Colleague: 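Here it is, the structure, as structure tokens.
These numbers come from a predicted model, not from an experiment. Counting from 1, the numbers follow the sequence of the chain as shown.
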Amino acid sequence: LGINLSSDNPTAEEAWRELIARVKYIFSNEFLSALHPLSSHFKAALRRVGDLNASVPASVIAICDGKLNNLCKIINPTVESHPLLVLSYIMRAAAGLPELVVSAEGQLSIWRKDPYPPNVIESSISQQSDVAESITTTAIYIPCSPEKAVEPVILNISSTGYYLDVIGQTLGLSDANMVLISRTIGKASSETRFYFAAPKSYPLDMSSDLLNAKVVPFGGPLNAKASSLCGQDIYGDSILASIGYTWKGQDIFHEDVTLQSYYRMLISKIPSGVYKLSREAILAAELPLTFTTKTNWKGSFPREILSSFCRQYRLLEPVFCVSSIPLKASSELSRSNNKPEVSESAEQEREYANENESVDVDPKLVVLGSSFTCEVKIYSKCQDLILECAPNVLYKKQNDAVQSASLKVLSWLNAYLKDIYMSLEKEKQLANVFDIKFYRQIFFKEVVKCLSVCNCQHNETLGGKEPELNGVVENDASYINIEGTDSGLCPSNGSLLCVCYSVSLVTKGELQKELLESIEEFEFEMGTGALIPCLEAVVSQMSVGQSACFYTELPPEDLVLAAAKDLANALAFLTSQPPEDRMEQALFNPPLSKQRVEYAVQHIKEFCATSLVDFGCGSGSLLESLLEYPTSLEIIAGVDISQKSLSRAAKVLHSKLVMKSDFDAPCRSIKSAILFDGSITDFDSRLCGFDLATCLE
């Protein structure tokens, strides 16, 4: 193939010499007329006026030239996790070319010492097509302060101006020379990036030690919202915009980034969010718990979602290792594991292996009647193993093995990212349930660190007194009104259903109503967890042809705003929340109600009680939490005067117990859960003999 290993794997010193040569070429006459995104920035810089004329921000060179970035990674591999280090290498390379380029001390810009010849400038400008007088595009302004709201801004760029200068001025800078630019958000071909201001005196490591260039402290406040979405550290106020020059042409590319698209980016940081977006059912859909058949699965497949998750966090593509077990061996293994015997056509599996090159399977081992297992491994960009999943389950089809193993990883990620500060005991239990082995330190560094503010999971059931959120009807799914004649055709687990639904925000008494999401035909498999629990519970009570209306708790704000058809009206609903509720959310994380439940659970675990009764159990928040931890309890009971709350508690406890029955879960020790309709002030002999009683709030 003509590959010279010695030249294609340069040493750090050789890469440094190549980097200097690359910077020299970038500022040559030849490069200005090349079809390259960076050359378009050079041409735009020629239109800058005064002292800024022909001055090119170093951050533009860093993000637009892939060859230069790769050379920096050879010189110093830590560039992968600290991309701003590239600026240090660019400025040092420029300092080594005093005969060609100039850079001012304390500035992050470079310009040619001698101007370009007039004929070169004229030739390069003639390549650009005529553009409109100005370009208007919407971007998102993300303040560093968590108390300030994210809001849209309009960028107006004239045909004779430089769009980075406009962004710099929006950030409060005089020009673009001190604007820093992040990696792309989402697809590699995207031009969606964060723009933020460098300190007045940006710290550059200009030492002579190439291999050990250090990340100098930035000296500014970290923007947690932007950093979690971007996956790299963003400082100070920032702007999220989709604008820039591409390989497709010399003209500027731009598209609007709306508040809704911002919130959709946020929820895509977790696997269930990716699935919700693939189904365009953000408020109703949930990532299913099991993969049954390819035909019954709707939306993006687990393997696709897992690959998307890895790209979001800049990890390597997941590695799938499929093992083929002959019929006889699989039968023996099935009997030893109490699994049913399985078999499938070998020809179909060979076809699948040919279509999916990243699946590691030896076609020679696939024989008629084979069954399959799949192991999944995820690595960081630095080849560090982050996690592995090896389910001890046999499947008839190779595709089912791959998809099911992927779903196990996704389900674990969902559960873990929902509660990243869980106890080590719960962490170990969660890993065992999903057959996960993960390396905590690397996982935190590569994934958890990037997810400091994305709370996109559905709210936990609140305990004790049920609050009225934002003036919305009480968060209980027991206000169910089912209409229509009972046809006798009721859904059962495994059946494929189609429903039409709409979700609206309503105030108490339905004085105001705002449509958030509606779908005419939504297909899902019953009993797999493909719907949010309250919706599936209602559907399970209906027969074919009936309709229902009910109320439920308010989803997290990120989900509401990502789904809203009219964002302004939805925001008006949400901001009508009482001041005391907003104060609690701002000051306490998790909410006080959840902290009280966790406090009670920790004390209950210290007793060797076998029975417990919770007075004023409400919707069953404490009883539900007890199912998540291993305890000595065998019987749990709840008492409440609200039949609506007890109805919801019954559904939650039932679904939890049924859902967990297939796993080695802590709730296995609990033999019964009983709910009583009554008051704490009334004596009831049925409650005599309980070891422990609780009364929260």
Side-chain angles (χ1 to χ4, degrees), residues 80-81 183-190 192 227-232 263-282 285-291 297-321 356 358-359 374-391 402-420 430-431 434-440 442-458 529-530 558-559 562:
E80 181 66 49
S81 52
R183 298 161 165 163
T184 55
I185 311 297
K187 296 179 181 179
S189 58
S190 165
T192 306
S227 299
S228 66
L229 185 55
C230 179
Q232 77 177 76
Y263 285 108
R264 290 188 169 216
M265 289 179 198
L266 268 186
I267 68 172
S268 71
K269 295 292 285 185
I270 58 172
S272 65
V274 178
Y275 181 77
K276 287 171 179 288
L277 290 169
S278 75
R279 299 228 57 191
E280 283 296 323
I282 294 171
E286 196 60 84
L287 182 69
L289 299 170
T290 56
F291 182 88
W297 184 275
K298 305 300 174 184
S300 296
F301 284 99
R303 180 182 170 180
E304 297 169 15
I305 298 173
L306 186 57
S307 296
S308 173
F309 178 86
C310 290
R311 287 191 290 270
Q312 282 266 8
Y313 289 87
R314 303 189 183 275
L315 308 174
L316 295 179
E317 287 288 313
V319 178
F320 301 92
C321 303
N356 298 269
S358 64
V359 176
C374 178
E375 180 183 25
V376 183
K377 294 184 178 181
I378 296 179
Y379 294 86
S380 70
K381 286 280 189 182
C382 299
Q383 304 286 342
D384 295 320
L385 181 60
I386 296 176
L387 68 84
E388 50 191 324
C389 175
V402 172
Q403 301 293 357
S404 296
S406 300
L407 186 56
K408 281 243 180 187
V409 176
L410 294 172
S411 300
W412 177 82
L413 286 167
N414 264 341
Y416 196 95
L417 297 177
K418 181 180 179 181
D419 185 12
I420 57 178
L430 189 68
F434 294 105
D435 301 312
I436 296 288
K437 181 181 179 182
F438 77 109
Y439 301 88
R440 200 169 188 274
I442 302 172
F443 181 76
F444 264 70
K445 175 187 172 185
E446 299 291 340
V447 178
V448 176
K449 182 184 175 184
C450 303
L451 202 72
S452 56
V453 277
C454 292
N455 290 321
C456 305
Q457 300 289 347
H458 284 282
D558 291 344
L559 291 179

Colleague: Please walk me through it: do L413 and I270 pass side-chain contact (heavy atoms from CB on, under 4.5 Å)?
Modeller: CA-CA 8 Å; L413 286 167; I270 58 172; over 6 Å; no
Colleague: Begin with the C-alpha distance, continue with both residues' side-chain angles, and end with the deciding distance and a verdict on side-chain contact (heavy atoms from CB on, under 4.5 Å) for K408 and V376.
Modeller: CA-CA 10 Å; K408 281 243 180 187; V376 183; over 6 Å; no
Colleague: Is the terminal nitrogen or CZ of K269 (NZ for Lys, CZ for Arg) located under 6.0 angstrom from the six-membered ring centre of Y313 and within 45° of that ring's axis?
Modeller: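 Output yes; distance and angle both within limits.
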Colleague: Would you confirm whether the ring centroid of F443 sits within less than 6.0 angstrom of the ring centroid of Y439?
Modeller: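 No, too far apart.
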Colleague: Restricting to non-hydrogen atoms, name the atom on Q403 and the atom on R303 that form the minimum distance, rounded to 0.1 Å.
Modeller: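 Reported closest heavy-atom pair: OE1-N, 3.0 Å.
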Colleague: Once the angle between the rings of W297 and F301 is folded into 0 to 90°, is it parallel (under 30°), tilted (30 to 60°) or perpendicular (over 60°)?
Modeller: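 Ring orientation of W297 relative to F301: parallel.
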Colleague: Report the distance from atom NZ of K418 to atom OG of S272, rounding to the nearest 0.5 Å.
Modeller: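 Rounded to the nearest 0.5 Å, the NZ-OG separation comes out at 9.5 Å.
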Colleague: Which of parallel (below 30°), tilted (30 to 60°) and perpendicular (above 60°) describes W412 and F438?
Modeller: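 Tilted.
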Colleague: Supply the atom-to-atom distance I436 CD1 to E388 CD, rounded to the nearest 0.5 angstrom.
Modeller: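 So the CD1 of I436 and the CD of E388 are separated by 9.0 Å.
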Colleague: Which atom names give the shortest non-hydrogen contact between S308 and V274, and what distance separates them?
Modeller: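 Scanning both residues completely, I find the closest heavy atoms to be OG-CG1, 4.2 Å.
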Colleague: Can a donor-acceptor pair be found, under 3.5 Å and without considering hydrogens, that links the side chain of Q232 to the backbone of R183?
Modeller: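 Confirmed, Q232 side chain pairs with R183 backbone.
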Colleague: Shortest non-hydrogen contact from Y275 to G299?
Modeller: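 Heavy atoms only, the tightest pair is CE1-CA, 4.3 Å.
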Colleague: Just checking, any donor-acceptor pair under 3.5 angstrom between side chains of E446 and Y379?
Modeller: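 E446 vs Y379: no donor-acceptor pair found between side chains.
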Colleague: Looking at S406 and V402, would you say the former's side chain and the latter's main chain have a donor-acceptor pair under 3.5 Å?
Modeller: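 Yes; judged by distance alone, with no hydrogens or angles, the pair exists.
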Colleague: If you compare all heavy atoms of L385 against all heavy atoms of I442, which two are closest, and at what distance to 0.1 Å?
Modeller: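 It is O-CD1, 3.7 Å.
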Colleague: Any sub-3.5 Å donor-acceptor pair from K276's side-chain atoms to A285's backbone N or O?
Modeller: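 Flag set: sc K276 to bb A285 pair under 3.5 Å.
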Colleague: Short question: side chain of R264, backbone of A562 - any donor-acceptor pair under 3.5 Å?
Modeller: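 Answer holds: yes.
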Colleague: Given 3.5 Å as the limit, does a donor-acceptor pair link the side chain of S380 with the main chain of D384, or not?
Modeller: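 Side chain of S380 to backbone of D384, a donor-acceptor pair under 3.5 Å: yes, one is there.
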Colleague: Can you spot which of V447, I378, I305 makes a side chain to side chain contact (heavy atoms under 4.5 Å, CB included) with C310?
Modeller: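 Among V447, I378, I305, the one meeting side chain to side chain contact (heavy atoms under 4.5 Å, CB included) with C310 is I378.
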Colleague: Report yes if the side chains of P318 and S307 come closer than 4.5 Å at any heavy-atom pair, otherwise no.
Modeller: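 A side-chain contact exists here, since the closest heavy-atom pair is under 4.5 Å.
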Colleague: In Å and rounded to the nearest 0.5 Å, what is the CG to SG distance from L316 to C382?
Modeller: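 L316 CG to C382 SG: 9.0 Å, rounded to 0.5 Å.
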Colleague: Minimum heavy-atom separation for S411 to P288, with atom names?
Modeller: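 In terms of heavy atoms, the two residues are closest at OG-O, 4.4 Å.
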Colleague: Taking the side chain as every heavy atom from C-beta outward, state whether L407 and L287 have any pair of such atoms under 4.5 Å apart.
Modeller: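 Counting from C-beta outward, L407 and L287 do come under 4.5 Å.
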Colleague: Going from CZ on R279 to CD on E286, what distance comes out if it is rounded to the nearest 0.5 angstrom?
Modeller: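 Here the interatomic distance stands at 12.5 Å.
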Colleague: Measuring from atom CG of L277 to atom CD1 of I267, what distance do you get when rounded to the nearest 0.5 angstrom?
Modeller: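 Reported to 0.5 Å precision, the distance equals 4.0 Å.
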Colleague: Report the distance from atom CD of Q312 to atom OG of S268, rounding to the nearest 0.5 Å.
Modeller: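 Reported value, rounded in 0.5 Å steps: 4.0 Å.
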